[in-house]
Amino acid sequence: MTETLHRLVYYSRNHISGDAAAFAADIDDILAKSRANNGRDGITGALLFNAGCFAQVLEGPLDTIEAAFERIQQDERHGDVSLLALDPIAGRSFPNWAMGFVGLSDVDSERFAGIGPSSGFDIARLNGDQVHGLLRDLTIEEEKAA
Ligand code: FAD
């Protein structure tokens with residue numbers, strides 16, 4: 001039997017403190033663990049960090065993305081975790097990313113600097129489709145640049 005793929009989208013508020021180097025080290029830890037677990041669990045997706053907020057898309061079998069989301073919600077490195085969408089999907093938007101990440105590079109900073117002032121960009125004000133579209137566009141740009 002073919003399992004129906006699902007997409008889960010959420011955002012949360014950063015609780016990691018410390019300087020930029022400490023923050024980058026924590027992000028590296030999160031990404032390493034995410035990529036190992038997600039590769040094992042058939043999950044793909046992407047994580048965005050901007051202005052004190054995370055936004056993440058997880059795609060895969062329903063049981064494994066729900067289990068990952070349970071773990072993620074209990075993680076003290078962030079809080080106020082808000083589910084934006086959980087829907088069946090026809091195909092993956094991030095087939096090549098066990099967990100892509102956008103948000104810390106100089107290029108990402110320039111992108112957000114461009115988006116922010118003109119639109120009042122705030123992850124917390126986007127809906128699930130908007131977060132998914134934003135992350136899909138940003139990871140496509142990353143793939144082209146790689
Ligand atoms: P272990 O790595 O053995 O961890 C055991 C416990 O320790 C967990 O409760 C974990 O939350 C906690 N922990 C581990 N390291 C730290 C630390 N440095 N500081 C505080 N607590 C810590 N996990 C995924 O599998 N897939 C994802 O896509 C994913 N995305 C994430 C996105 C964000 C924004 C954050 C903050 C975390 C994300 N995580 C993700 C990590 C997730 O929250 C769990 O930490 C991880 O899944 C636990 O893996 P494990 O069961 O192998 O436990």
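Indexing begins at 1, ligand by ligand and atom by atom, following the structure's order. Position 1 is the first residue of the sequence; numbering continues from there. Owing to the predicted nature of the structure, the values given are computational and were not obtained by experimental measurement.
Y10 counts as a contact of ligand 1, since one of its heavy atoms falls under 4.0 Å from the ligand. Residue contacts with ligand 1 include H78, since one or more of its heavy atoms lies under 4.0 Å from the ligand.
Looking only at heavy atoms of the protein, atom 52 (O) of ligand 1 is closest to K33 NZ, 3.2 Å. Given atom 51 (O) of ligand 1, the protein heavy atom at minimum distance is R71 CD, 3.4 Å. Looking only at protein heavy atoms, the nearest one to atom 27 (C) of ligand 1 is S34 OG, 3.2 Å. Nearest non-hydrogen protein atom to atom 18 (N) of ligand 1 is R77 NH1, 3.4 Å. What sits closest to atom 35 (C) of ligand 1 on the protein, heavy atoms only, is I30 CG2, 3.8 Å.
For E76, no heavy-atom contact with ligand 1 is shorter than 4.0 Å. With a 4.0 Å heavy-atom cut-off, ligand 1 is reached by the side chain of L58 but not by its N, CA, C or O. Only the side chain of Q56 comes within contact range of ligand 1, with a heavy atom under 4.0 Å; no backbone atom does. With a 4.0 Å heavy-atom cut-off, ligand 1 is reached by no atom of D41.
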Q.
The test is side-chain hydrogen bond (donor to acceptor under 3.5 Å, both in side chains); show your working for R92 and T44 and say whether it passes.
A. CA-CA 8 Å; R92 295 176 191 263; T44 48; 2.8 Å; yes
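Of the protein's heavy atoms, at least one falls inside 4.0 Å of atom 25 (O) of ligand 1. Within a 4.0 Å radius of atom 12 (C) of ligand 1, the protein has no heavy atom.
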